[in-house]
Structures are given as C-alpha cells and as structure tokens.
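Taking it in order: structure first as structure tokens, then the write-up.
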Amino acid sequence: GDFTNNGLVNLTTTGQLNISTGNFSNTNTGTFTIGTTGRITTTTGSFSNSGTITYSAAGRLYLGGNYTNSGTFTLTNGGLVYLIGTAANQSIQGFTCTGLVSMTKTAGTATLTSDVTAGGLTLSGLGGTLNLVSGTHTFNGTLTRTNGTLNCGSSLLRIGASVSASAAAINVGTGTVEYYRAGNQTAAVLVYNNLILSGSGTKTFATTPTVNGKFTLGGTAIVTVTTGVVTYGSNATLQYDNTNVRNVSAEEWISPFTASGGVIINGTNTITLTAAKVFSATSTILSSPLTITSIGKLATGGNSLTLGGNFVNNGTFTSTGPIVIADVLTNQNIDGFTTTGLVSMTKTSGTAIFDGNVNGAGLTINGTGGTLNLGSGLTHTFTGAVTLTNGTLNGGSSTMNVNFTGSAWTGSGTNFIAGTGIVNFGGGAQTLATASTFNDLTFSNSGLKTLTGLPTINGILSMEGTTTVSAIPTYG
C-alpha cells in the first residue's frame, strides 16, 4: 500500500523502504533521513515530497513512477537516482544530485519536466527511453550508452566528462549538446543539431560528427577528429567564441565551406588561418557568408580567402594574402577591409557591392558575367595595377585611388563603367594601357601619365601635383 510520513523517520545506514504497489508521500510536516547506503524504492507508484528528505551519503532512490518535489530534497552527498520500470511512462520533476542518474527502464518513457543536475548519466535499459524535453540538464560525469534511448528534445545537454559505449541511441532533436569540461573529453559521434565545445582541452571524436545547426568553439577547447573532419548540414554555422589566440584547424573549418550559415568570428582573441579558405566558390545551391562581430578578430596569416557570400566586418580583420570575391550565383555585400594581397572578382553572374572602404595591393576583374560595384561615397586605394580582364567594374559613386607606378590600368577598358565616381591615378610614372570612359578623372602626384589607351572623360579632369600627361584625353 501507500506510505505517508507526517513526522520524523530515520532510515538506518543499510535500511530500505520498498513500496511495491503503492505511493510514497512525505508531507510538509515530514522529515525523512536516509543513511549511507539506504534506499527508497517505488516500484510502480509515485514519489512526492513537500517536507524534508536528506540523503546523508550515497543512498539510492529508485523511481518506478512519477516524481514531484515541492519541499527540500538533499541528494548532494553522493545520492544515486534510478529510473526503473518495465512499462509505465513516468513524469520526473527536476532535481540535483552529485551521484549517478541511471535509466534502467525496459519499456516506456521517463520524461524530465524541469532541469536536472547530476554527477553522471547511465543509459542501460534495453527498450526504455529518457526524454529530456527542454531546459538545461548538466551531467558532470561520464555519459554511458549501454542500452536504451535518450531523446534530447529542445534541451541543452551539458556533458562534463567523456561519453562511453555506443549501444544506446541518442536523438538530438532540435536541442544543443555541450562538452564543457576543463580538460580532455571523448565525445560521441552523432548527427548533432547544435554542438558546443567549451572549457579547455581536446574534445576527440573517433570519426566524423555532423552538425546541422550551429557548431560553437568556446573557451580554449579544440576539436580533434581521429578519422575525418567535422561535416556540416546545408544550413549549418561554424562559430568561434574562443577566449584564446587560436590557429584554425582543417577539422573544424573545412574548405570549401558551403553551409548557408557560414562562419562567425566572435572570439575575444585572434583566429588565424593556417591554409587557404574558400566559401562556396563552386556551389550551385548555397551562398556562404563570413561574419566578424564587433569583438571578433580574424587574421588570414598570408593565406588566400575566397568570399562566396556576404562579408560582414564589424570587428578586426587582418589580411596579408589575396582576397577573392567569387560567389557564382548571387549578389553579395562586401564590407570594407585592408589587405596587402591582390583583390580579385571572379563572379560569373550577379553583383558584388562594396559597403566599406577597401585597400589592396591591386584589383583584378576576371569573372565573365559578374560585376563588382565600388559602392556609394567610399574611397578605395590600390597600390597595384587595376586589370580588367572579364566581367564589369562599376565605379558607383566612390573614389578609387590607383597608386601603382607602372602599367596601372590594363585589360579591356570597356569592362569599366564609370558611374558617378572618381578615379585618381596617384602613382609616379603610370601607363593607362587600355581606353576607358571615366566620369571624373584625376592625375596626381608626379611623373608622366602615359595614355596608351586614350581615356574619355564625361565629368572633370583634375591635374594635381607635378604630373603631366602624354596626350590630350577625349572629352564627352
């Protein structure tokens, strides 16, 4: 039958209270103390507490029915909780214990209705299911997958040690799994929705995990995939929330990166590329962006970076390598940046527009069918030549400074559309090797500007400094 306590009960060190068919109730006037290895078992009935229950050490609580607690329940001295049963579904209110939680059900589902914090989690019930539903569930110890099923729902599952065994199924649902230990962890190879690696140390996957939502690298944690790399679903995102200076690994930031969520740089210290990176340059489906947040810091380390989607630069971007604008399908918005490498546009359709000032070693337009628009009211400076091979360079209403001494304007001049902007040739001795039509044209600095390709000027010609020209331009 039922057991109800309205007074004071002390269960001795090895004492046991077994309720095979009834319910357990500790009322608001009840105080129940369980000794070192004592235990309470409700085989099929419910367990409710509105008074005070204290496990003095590693006692055990076996729950075969529902569990509710509106009183004080102390399991923080190493108490163990077992979810048992052969058929019935269970509703389990959240709790905190420092011992292990074990799901040994052989049928039915135990559903957590609020947050659980425990020392570890063991799934060992063949045919049983533990449903986390939602909220945040933190297990400081090992997650052991022997038998049964774990449904994560939309919850945050935080794992503080390694994952062992693999027989129990884990359905990640729409939730998040976080490996948060300050140290090394062995992680489960799963298809994740959101995955967070935080804390510190190396988080090791034996083979390729898949992330369909967001993969976040936080703290100083690093990822190692023994065989393979992290793979991404079509809408996935890679985000760096690092607190340390970090070199990118090929296991986390794969190339080409084609997922539509792109890469987000959100760490407080610099992320540095160790190899060339390409965003969706050959994709026929997706456009993958690169975003640097207001606190983010990204350095290319002299490697080339191919932008296959939008580039949002609200933080710090340091480049000493080539920058290629290469999305083959869609329009792009490119925030301002500075690089000591070449800037190239290789789009074969659509328009990329600069939304901020760009500085580079040179500018090459070589994308048949693509357009680079210099944007509105901006100032761009190139210390190398402008080469117009294929595609279109549209001056917008911006100023472009071409400061290369030598053959500074080459290729097919008709690939330039002046817009309402200004082009300033501000190097020393410069050659315009191909004829283009300009809006406003400025020759500045010094030296002779050799007009092999005779320019047409529809706006204002400005002669500044001590420079001279080899021929008279054509005026529109």
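What you see is a predicted model; the values in this text were computed from it and never measured.
Pairing each heavy atom of Arg246 with each of Gly219, the nearest pair is NH2-O, 3.5 Å. Between Met103 and Leu130, the closest heavy-atom pair is CG-CB, 4.0 Å. Scanning all heavy atoms of the two residues, the minimum distance from Ala276 to Ser255 falls at O-OG, 3.8 Å. Between Thr392 and Ile365, the shortest heavy-atom distance links the atoms N-CG2, 3.9 Å. In terms of heavy atoms, Tyr240 sits closest to Glu252 at OH-OE2, 2.8 Å. Heavy-atom minimum distance, Thr129 versus Asn151: CG2-ND2, 3.5 Å.
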**OP:** Check the pair Thr144, Ser164 against side chain to side chain donor-acceptor pair (under 3.5 Å), reporting the backbone distance first and the verdict last.
**Re:** CA-CA 5 Å; Thr144 303; Ser164 67; 3.3 Å; yes
**OP:** Could you go through the side chain to side chain contact (heavy atoms under 4.5 Å, CB included) check for Ile159 and Val177 one step at a time?
**Re:** CA-CA 8 Å; Ile159 302 171; Val177 177; 4.0 Å; yes
**OP:** Might you work through the side chain to side chain contact (heavy atoms under 4.5 Å, CB included) test for Thr208 and Val189, ending with a clear yes or no?
**Re:** CA-CA 7 Å; Thr208 299; Val189 177; 5.8 Å; no
**OP:** Take Thr220 and Thr243, measure what side chain to side chain contact (heavy atoms under 4.5 Å, CB included) needs, and give me the verdict at the end.
**Re:** CA-CA 6 Å; Thr220 62; Thr243 58; 3.7 Å; yes
**OP:** Might you work through the ring pair (Phe, Tyr, Trp, His ring centres under 6.0 Å) test for Phe311 and Phe279, ending with a clear yes or no?
**Re:** CA-CA 10 Å; Phe311 175 54; Phe279 284 89; 9.1 Å; no
**OP:** Using the side chain to side chain contact (heavy atoms under 4.5 Å, CB included) rule, take Val343 and Val324 through it: C-alpha gap first, then chi angles, then the decisive distance, then the call.
**Re:** CA-CA 6 Å; Val343 178; Val324 182; over 6 Å; no
Subject >> Steps toward ring pair (Phe, Tyr, Trp, His ring centres under 6.0 Å) verdict (Phe95, Phe73) >> reply: CA-CA 8 Å; Phe95 58 85; Phe73 196 174; 8.0 Å; no
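Between the side chains of Glu178 and Ser198, at least one donor N or O sits under 3.5 Å from an acceptor N or O. When only modelled atom types and interatomic distance are considered, Tyr180 and Asn140 share a side-chain donor-acceptor pair under 3.5 Å. Neither side chain, Thr37 nor Thr14, offers a donor N or O lying under 3.5 Å from an acceptor on the other. No side-chain donor from either of Ser154 and Thr174 sits under 3.5 Å from a side-chain acceptor of the other. Side-chain contact check for Asn194 and Thr176: at least one donor-acceptor pair (N or O, by modelled atom type) lies under 3.5 Å.
The closest donor-acceptor contact from the side chain of Thr216 to the backbone of Ile196 lies at 3.5 Å or more, if one exists at all. In this structure, Gln239 contributes its side chain and Ile264 its backbone to no donor-acceptor pair below 3.5 Å. When atom types are taken as modelled, the side chain of His380 and the backbone of Asn357 share no donor-acceptor pair closer than 3.5 angstrom. At least one donor-acceptor pair under 3.5 Å links the side chain of Tyr179 to the backbone N or O of Ala188. Thr138 places no side-chain N or O within donor-acceptor distance of the main-chain N or O of Arg158, the cut-off being under 3.5 Å. Of the possible donor and acceptor atoms, one in the side chain of His137 sits under 3.5 Å from a partner among the backbone N and O of Leu132. In terms of modelled atom types and a separation under 3.5 Å, the side chain of Asn303 and the main chain of Leu273 share a donor-acceptor contact. Remark: the backbone N or O of Ala236 is not paired with any side-chain donor or acceptor of Asn212 at under 3.5 angstrom. Side chain of Asn313 to main chain of Gly336: a donor-acceptor pair is present (N/O by atom type, distance under 3.5 Å, no hydrogens or angles). Between the Ser287 side chain and the Gly308 main chain, a donor and an acceptor come within less than 3.5 Å of each other.
By the 4.5 Å heavy-atom criterion applied to side chains, Phe205 and Leu190 are not counted as neighbours. Contact check for Arg145 versus Val163: side-chain heavy atoms found under the 4.5 Å cut-off. Proximity of Gln185 to Thr204: side-chain heavy atoms (C-beta onward) are nowhere separated by under 4.5 Å. Two residues are said to be in side-chain contact when any heavy atoms from C-beta on lie closer than 4.5 Å; Val312 and Asn333 fail this criterion. Looking at Leu100 and Leu121, their side chains never come closer than 4.5 Å, going by heavy atoms from C-beta outward. Within the 4.5 Å cutoff, no side-chain heavy atoms of Thr387 are placed close to those of Asn366. Considering only heavy atoms from C-beta on, Thr111 stays 4.5 Å or farther from Ser91 through its side chain. Counting only heavy atoms from C-beta outward, the side chains of Met400 and Leu393 approach each other to under 4.5 Å.
Interatomic distance, CG of Asn266 versus OG of Ser294, reported as 7.5 Å (0.5 Å rounding). For the atom pair CG of Asp115 and OG1 of Thr136, the computed distance is 5.0 Å after rounding to the nearest 0.5 Å. Atom CG of Asn242 and atom NZ of Lys297 lie 9.5 Å apart (nearest 0.5 Å). Here CD1 of Ile53 is found 9.5 Å from OG1 of Thr31. Values are rounded to the nearest 0.5 Å. In this structure, the separation between OG1 on Thr52 and CZ on Phe32 is 12.5 Å, given to the nearest 0.5 Å. We find the CG-CD1 distance between Asn394 and Ile353 to be 8.5 Å, quoted to the nearest 0.5 Å.
Test Thr68, Asn23, Asn66 against Ser46 for side-chain hydrogen bond (donor to acceptor under 3.5 Å, both in side chains) and you get one pass: Asn23. Checked against Ser319 for a side-chain hydrogen bond (donor to acceptor under 3.5 Å, both in side chains), the options Thr340, Asn359, Thr338, Thr339 give a single hit: Thr339. Considering Tyr62, Tyr67, Tyr82 as possible partners of Phe47, the one that fulfils the ring pair (Phe, Tyr, Trp, His ring centres under 6.0 Å) test is Tyr67. Each of Asn69, Asn5, Thr72, Thr27 was scored for a side-chain hydrogen bond (donor to acceptor under 3.5 Å, both in side chains) with Asn49, with one residue passing: Asn69.
The side-chain hydrogen bond (donor to acceptor under 3.5 Å, both in side chains) test applied to Thr224 returns no partner, not counting sequence neighbours.
Under the 30°/60° scheme for interplanar angles, the aromatic rings of Phe24 and Phe3 are found to lie parallel.
Ring centers of Tyr192 and Phe215: at least 6.0 Å apart, outside the cut-off.
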